[in-house]
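Encoded as structure tokens, the structure appears first; notes follow it.
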Amino acid sequence: MNKRKIIIDCDPGIDDSLAIMLALTSPEIEVLGITIVCGNSPVEMGFENAKKILKQMNRLDVPVYMGEPRPLKRDYVNALDTHGADGLGESFLPEVPGYQQEIGAVDFLSKALIKEKVSVIALGPMTNLARLIQKAPAAFNQIEELVSMGGSFKSHGNCSPVAEYNYWCDPDAAALVYDTLHQNGKMIHMIGLDVTRKIVLTPTLLEYICRLNKETGEFIRKITKFYFDFHWKWEHIIGCVINDPLAVAYFLNPDICQGFDSYVQIETGGITLGQSVVDSMNFYRKTPNTKVLTEVDVYAFFQLFLSRILGLEPEKLDILQDLI
Ligand code: RIB
Ligand code: CA
């Protein structure tokens, strides 16, 4: 099988961690490296958390690169209120020593993208990608496929009435990425809140995971408990919305989500700062730069997610349909 090469740019982060687990257990893809950006956690914490996930997955062969410590222009606002003081649900997993790389995230992205066909799955604020555009525009233009968990079309925001965290945290970076894609005639796949809000890891699903594989299940329980409590407190949801794994699942199987092509621009100021403005009616007569995903097959997602992280054939998940 010809593996598709990817780089995961992320801000681990609880759901980022679940996304990394899915990517590492999917034979279709080869994770060339993980680049860390300031977001849920400060970049140093995200670097440490990525190593903790790699150690849990016995995959410390995958390099992790430190990226941008702050947004292009805005003051940096983390999301530790959502992800816990350690950025991993206050699981306080043991530190993984060493593992420092000689180069940073942007240089790694630049070298990898110029060398061969590589896709990027962006799960955090787009600061690293924006710096890549500024430093090595040809490398950015070489991205084979760019999938972003971020933005929102018609679903309400999670940082303001209209803005989703990844694009709200660094709107200038997101705007530069979307504008550059438009100028280059390229597309981004926007896995926004319209679809990710439908991906809820419930207590029942978590119990099912634990019964199928106690070690994996208990690890997921450990890093998501804080996230469950957060969701009950602020959104009165029993469970937690796991945004980032959907971006990886969509990369693996695009049929999991449906949507449409549109021109999208990111607002960089005022009350709508961070909003992904989707010109679905083509008022601006601009060439589309985005595939906006709006529908998701929730069962197909969980069947893929569980079968991969648990190492089971999909048909073994015989009662999953009843649990969705
Ligand atoms: O808005 C949700 C997104 O912001 C997810 O990627 C989450 O991990 C945070 O980065
Ligand atoms: Ca994230």
Side-chain angles (χ1 to χ4, degrees), residues 6-23 34-43 45-47 49-50 52-53 64 67-68 70-71 74 76-84 86-89 105 120-129 146-153 155-171 173-174 177 188-201 220 223-224 226-228 230-231 234-235 237 239-251 266 273-276 293 296 301 305:
I6 71 164
I7 293 170
I8 300 175
D9 190 67
C10 58
D11 58 336
I14 295 167
D15 56 336
D16 302 74
S17 302
L18 299 175
I20 291 169
M21 291 172 72
L22 174 58
I34 295 173
T35 51
I36 306 300
V37 66
C38 64
N40 290 323
S41 311
V43 69
M45 184 186 286
F47 182 81
N49 288 341
K52 293 173 183 178
I53 299 305
V64 183
E68 296 299 307
R70 68 187 63 79
R74 282 195 78 202
Y76 167 46
V77 178
N78 68 45
L80 293 179
D81 62 330
T82 310
H83 293 260
D86 64 345
L88 273 185
V120 174
I121 301 180
L123 305 176
M126 298 183 133
T127 318
N128 287 342
L129 294 177
L146 178 56
V147 179
S148 161
M149 190 281 132
S152 183
F153 171 41
S155 183
H156 62 82
N158 58 12
C159 284
S160 81
V162 292
E164 174 280 324
Y165 175 78
N166 286 335
Y167 295 1
W168 174 88
C169 178
D170 193 346
V177 168
I188 187 170
H189 301 259
M190 189 180 97
I191 301 287
L193 295 174
D194 309 274
V195 285
T196 66
R197 276 212 162 93
K198 296 171 185 162
I199 305 298
V200 181
L201 178 66
I220 293 175
I223 68 171
T224 58
F226 188 95
Y227 212 29
F228 273 71
F230 175 88
H231 279 78
W234 294 102
E235 299 209 19
I237 296 174
C240 59
V241 174
I242 52 171
N243 305 281
D244 292 336
L246 181 58
V248 175
Y250 171 78
F251 181 79
I266 309 300
L273 175 140
Q275 181 177 12
S276 46
L293 285 311
V296 56
F301 166 79
F305 181 57

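Below, all heavy atoms of this structure are taken into account, side chains as well, without hydrogens, waters or symmetry copies. In listed order, ligands and their atoms are each counted from 1.
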Pair Y167, S148: side-chain N/O donor-acceptor within cut-off below 3.5 Å: yes
Exam field: side chain N166 to backbone M149, donor-acceptor pair closer than 3.5 Å: yes
Subset of ligand 1 atoms that lie under 4.0 Å from at least one heavy atom of N166: 3 (C), 4 (O), 5 (C), 6 (O), 9 (C), 10 (O)
Ligand 1 atoms in contact with N243 (distance to a heavy atom under 4.0 Å): 2 (C)
Element-labelled atoms of ligand 1 that are located less than 4.0 Å from some non-hydrogen atom of M149: 2 (C), 3 (C), 5 (C), 6 (O)
R70 atom CZ, neighbour heavy-atom count above 12 within 6.0 Å: no
Numbered atoms and elements of ligand 1 in range of N40, under 4.0 angstrom, heavy atoms: 7 (C), 8 (O), 9 (C), 10 (O)
I191 side chain near V195 side chain, heavy-atom distance below 4.5 Å: yes
Side-chain touch F226/H83, heavy atoms, less than 4.5 angstrom: no
Partners meeting ring-ring contact (aromatic ring centres under 6.0 Å, His included) with Y250 (sequence neighbours left out): H189
Ligand 1 versus N158: contacting region, heavy-atom distance under 4.0 Å: side chain
Shell of protein N/O/S atoms around the Ca ion (ligand 2), taken as anything under 3.0 Å: D11 OD1, D16 OD1, D16 OD2, L123 O, D244 OD2
T127 (side chain) donor-acceptor with P71 (main chain) under 3.5 angstrom: no
Ligand 1 contact on L123 by region, counting heavy-atom pairs under 4.0 Å: backbone
Proximal atoms of ligand 1 relative to D16 (non-hydrogen, under 4.0 Å): 8 (O)
Ring geometry between Y227 and F230 (parallel below 30°, tilted from 30 to 60°, perpendicular above 60°): parallel
Test side chain to side chain contact (heavy atoms under 4.5 Å, CB included) applied to D9 and T35, I36, I34, L146, the passing residue: T35
For E164, atoms of ligand 1 separated by under 4.0 Å from a heavy atom: 1 (O), 2 (C), 3 (C), 4 (O)
Evaluation steps, side chain to side chain contact (heavy atoms under 4.5 Å, CB included), between L193 and N243: CA-CA 8 Å; L193 295 174; N243 305 281; 3.8 Å; yes
D16 and I8: CA distance, side-chain angles, deciding distance, side chain to side chain contact (heavy atoms under 4.5 Å, CB included) verdict: CA-CA 9 Å; D16 302 74; I8 300 175; over 6 Å; no
Protein residue, atom and distance nearest to atom 6 (O) of ligand 1, heavy-atom basis: D244 OD1, 2.6 Å
Where ligand 1 meets D15 - atom numbers and elements under 4.0 angstrom, heavy-atom basis: 5 (C), 6 (O), 7 (C), 8 (O)
